[in-house]
Colleague: 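Questions regarding the structure given below will be posed in turn.
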Amino acid sequence: MAKQRIAYIDAMRGFTMILVVFAHVCYFCMDAPLMGYNRIFYLFRLPCFFMISGWLFEPIASRPFKEVIRHKAMVQLLPTFIFLLLLAPPPEFFHQLGTLKGGYWFTFVLFEFFVLYLLIVRLGKAWRPWVALGIALTAFCCARYYNEIHLSAVGAQKYVVDAFGFLSITLWRFFLFFYIGAWMRRHFEAFIRWTNHTWALPAMAVIFFLIASTSHKDILWYEMLRFFLGGITGMWMIFTCFRLSESWLNKIHLSKPLQYVGTRTLDIYLLHYFFLPRFLIPYADQLRAYDSQFIEFLVILVIALVVLAITLLASYLIRLSPFLGHYLFGVKYEK
């Protein structure tokens, strides 16, 4: 099946990738994960990415299981382990194989989602959404108690808990967003009819910002509702905004740059850790002294865009070599 690129999907991927770099600047360069409105971006950033991944994966889910898995392992797993080795050589490498994989957890978890989805689509249609929901809810509960269990585990229990960490099972809570993305692709016309209603986008925006305005509470059902409802309304809101504003983005010449970033998301994800200016941590307090989320947002955005530009340049240079492009980014070159 020939791939047909959809402009607003690529633009949305590019926008979401910029938010990922933005978040990592907050975390690794400012040591303050919630600076510059990142508390709001957190609610929809990863749900958007997983939703798009499900959307893009659904058309190939009907291909032979082994063929899909072999291809995705080459594109997702091999580059991830190569870059993890470059970022953290042995013996530190082996200490990075827990839940977050030294920051490279996304591609690892995404590969697991491909496997889970391929298994789920072989079930009856009535069972699929319930299995996806069950996986996500169970993983969310596991995530809540994982650290506590990990600290108290001994003997054989510790090996089981470590295996859970290596498989990043606590991050399977994002699987629901992946499944919804695939569902949107399968039922696209019905989804578009629903989101085209004049009340749909305002309703999603109101629900999302009501959730975003609430603060964290140590209550399982509350945090679960906040996580899933905030993620679903947020990603549908962003998706609908990009779909409806496609011509406007072209007019202001933003669509093409975002699309380009959207076609290089794997390159950016794997490379950008090497260019994060971690030396900025001592200056974070000076930025916080302004006591303005907007100023924090502007400064961090500028830093993120500089990191992004350097990363794209590095990606371009690496892709000049067919060998490196193939094994580091899964690029297929015509013979």
Side-chain angles (χ1 to χ4, degrees), residues 1-23 41 43-63 68 71-72 75-76 106-107 109-111 113-114 117-118 121 132 174-197 200-201 204-205 208 231-270 272 304 308 311-312 315 329-332:
M1 184 188 297
K3 283 188 177 179
Q4 233 182 351
R5 304 210 76 97
I6 301 174
Y8 67 83
I9 292 289
D10 280 338
M12 181 180 168
R13 288 177 78 190
F15 168 76
T16 311
M17 190 69 241
I18 292 170
L19 289 185
V20 169
V21 179
F22 183 98
F41 301 150
L43 287 173
F44 67 81
R45 182 179 59 247
L46 286 172
C48 278
F49 238 130
F50 281 115
M51 180 269 285
I52 295 170
S53 300
W55 164 283
L56 295 172
F57 184 71
E58 201 280 332
I60 67 171
S62 57
R63 294 180 184 177
V68 176
H71 170 69
K72 290 300 182 182
V75 174
Q76 302 290 140
F106 179 85
T107 43
V109 170
L110 188 57
F111 176 80
F113 286 1
F114 294 149
Y117 186 76
L118 289 173
V121 293
F174 290 104
F175 182 66
L176 182 63
F177 307 121
F178 181 94
Y179 180 84
I180 289 174
W183 175 89
M184 286 166 56
R185 185 68 176 264
R186 285 198 312 273
H187 306 283
F188 188 60
E189 291 184 6
F191 176 76
I192 292 303
R193 282 198 302 271
W194 181 77
T195 53
N196 275 344
H197 287 297
L201 183 57
M204 286 186 285
F208 175 79
I232 291 170
T233 55
M235 71 184 190
W236 281 356
M237 177 180 69
I238 299 299
F239 180 89
T240 304
C241 285
F242 270 88
R243 183 175 64 82
L244 296 179
S245 63
E246 185 174 7
S247 59
W248 178 76
L249 287 172
N250 274 318
K251 275 185 185 178
I252 62 172
H253 306 292
L254 260 182
S255 183
K256 292 295 183 184
L258 286 175
Q259 286 176 54
Y260 182 75
V261 174
T263 61
R264 294 289 184 269
T265 51
L266 181 62
D267 304 34
I268 296 165
Y269 175 70
L270 294 172
H272 80 281
L308 183 69
T311 303
L312 286 172
S315 164
F329 305 131
V331 180
K332 284 187 175 181

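Only heavy atoms go into these numbers, but all of them, side chains included; no hydrogens, no water, no symmetry mates. Residues take their numbers from the sequence shown, with the count starting at 1. Everything numeric here is computed off the predicted structure, so don't read it as measured data.
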Colleague: Can you tell me how far apart CH2 (Trp194) and NE2 (His187) are? Round to the nearest 0.5 Å.
Modeller: 14.5 Å
Colleague: Do Met235 and Ile180 have side chains that get closer than 4.5 Å, going by heavy atoms?
Modeller: yes
Colleague: Output the distance between atom CZ (Phe50) and atom CG (Leu110), rounded to the nearest 0.5 Å.
Modeller: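 Phe50 atom CZ to Leu110 atom CG measures 6.0 Å (nearest 0.5 Å).
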Colleague: Would you call the rings of Phe178 and Phe57 parallel, tilted or perpendicular if under 30° counts as parallel and over 60° as perpendicular?
Modeller: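 Ring orientation, 0 to 90° scale: tilted.
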Colleague: Identify the heavy atoms of Met12 and Cys48 that sit nearest to each other, and give their distance.
Modeller: CE-SG, 3.6 Å
Colleague: Do Phe15 and Ile238 come within less than 4.5 Å of each other through their side chains, counting heavy atoms only?
Modeller: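 Side chain of Phe15 against side chain of Ile238, heavy atoms only: contact under 4.5 Å found.
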Colleague: Kindly say whether Tyr269 contributes a backbone atom to a donor-acceptor pair with the side chain of His272 at under 3.5 angstrom?
Modeller: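 Looks like yes, one N/O pair under 3.5 Å.
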Colleague: Do Leu308 and Arg264 have side-chain heavy atoms sitting under 4.5 Å apart?
Modeller: no
Colleague: Within the structure provided, determine whether Phe329 and Leu270 are in side-chain contact (heavy-atom separation under 4.5 Å).
Modeller: yes
Colleague: Could you tell me whether the side chain of Leu258 reaches within less than 4.5 Å of the side chain of Ile18, counting heavy atoms only?
Modeller: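 Yes, close enough: below the 4.5 Å cut-off.
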Colleague: Parallel, tilted or perpendicular for Phe191 and Trp183, by the 30°/60° rule?
Modeller: perpendicular
Colleague: Is any side-chain heavy atom of Ile268 less than 4.5 Å from a side-chain heavy atom of Ser315?
Modeller: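 Ile268 vs Ser315: side chains apart.
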Colleague: Quick one: do Thr265 and Phe106 satisfy side-chain contact (heavy atoms from CB on, under 4.5 Å)? Show the steps, please.
Modeller: CA-CA 12 Å; Thr265 51; Phe106 179 85; over 6 Å; no
Colleague: Decide whether a cation-pi geometry holds between Arg186 and Tyr179; the criteria are a distance under 6.0 Å from NZ or CZ to the six-membered ring centre and an angle within 45° of the ring axis.
Modeller: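 Ring-cation test returns yes.
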Colleague: Which heavy atom in Val21 sits nearest to a heavy atom in Ala304, and how many Å separate them?
Modeller: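 Looks like CG1-O, 3.7 Å.
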Colleague: Quick one: pull up CZ in Phe114 and NE2 in His71 and give me the separation to the nearest 0.5 Å.
Modeller: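 The NE2 atom of His71 is 8.5 Å from CZ of Phe114, to the nearest 0.5 Å.
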Colleague: Just how far is it from atom CG of Leu266 to atom CD of Gln76, taken to the nearest 0.5 Å?
Modeller: 6.5 Å
Colleague: Taking side chain as C-beta onward, heavy atoms only, is Thr16 less than 4.5 Å from Met51?
Modeller: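 Contact flag for Thr16/Met51 side chains = no.
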Colleague: Phe49 and Phe177: aromatic ring centres closer than 6.0 Å?
Modeller: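 No: the rings miss the under 6.0 Å criterion.
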Colleague: Out of curiosity, Arg243 CZ to Asn196 CG, how far, rounded to the nearest 0.5 Å?
Modeller: 4.5 Å
Colleague: Using the rule given for ring-ring contact (aromatic ring centres under 6.0 Å, His included), can you reason through Phe208 versus Trp236, listing the C-alpha separation, both sets of side-chain angles and the distance that settles it, and then say yes or no?
Modeller: CA-CA 10 Å; Phe208 175 79; Trp236 281 356; over 10 Å; no
Colleague: Assess the residue pair Leu312 and Val261 against the criterion (side-chain contact (heavy atoms from CB on, under 4.5 Å)); give the C-alpha distance rounded to whole Å, side-chain angles, the decisive distance to 0.1 Å, and a yes or no.
Modeller: CA-CA 8 Å; Leu312 286 172; Val261 174; 4.2 Å; yes
Colleague: Where the side chain of Thr240 meets the backbone of Met237, is there a donor-acceptor pair that is under 3.5 Å apart?
Modeller: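 Absent.
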Colleague: Could you check if a side-chain atom of Leu249 sits within less than 4.5 angstrom of a side-chain atom of Phe242, using non-hydrogen atoms only?
Modeller: yes
Colleague: Nearest 0.5 angstrom please: Arg45 CZ to Met17 CE, how far?
Modeller: 10.0 Å
Colleague: Quick one: are the ring centres of Tyr8 and Phe239 less than 6.0 Å apart?
Modeller: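 Yes; Phe239 has its ring centre under 6.0 Å from that of Tyr8.
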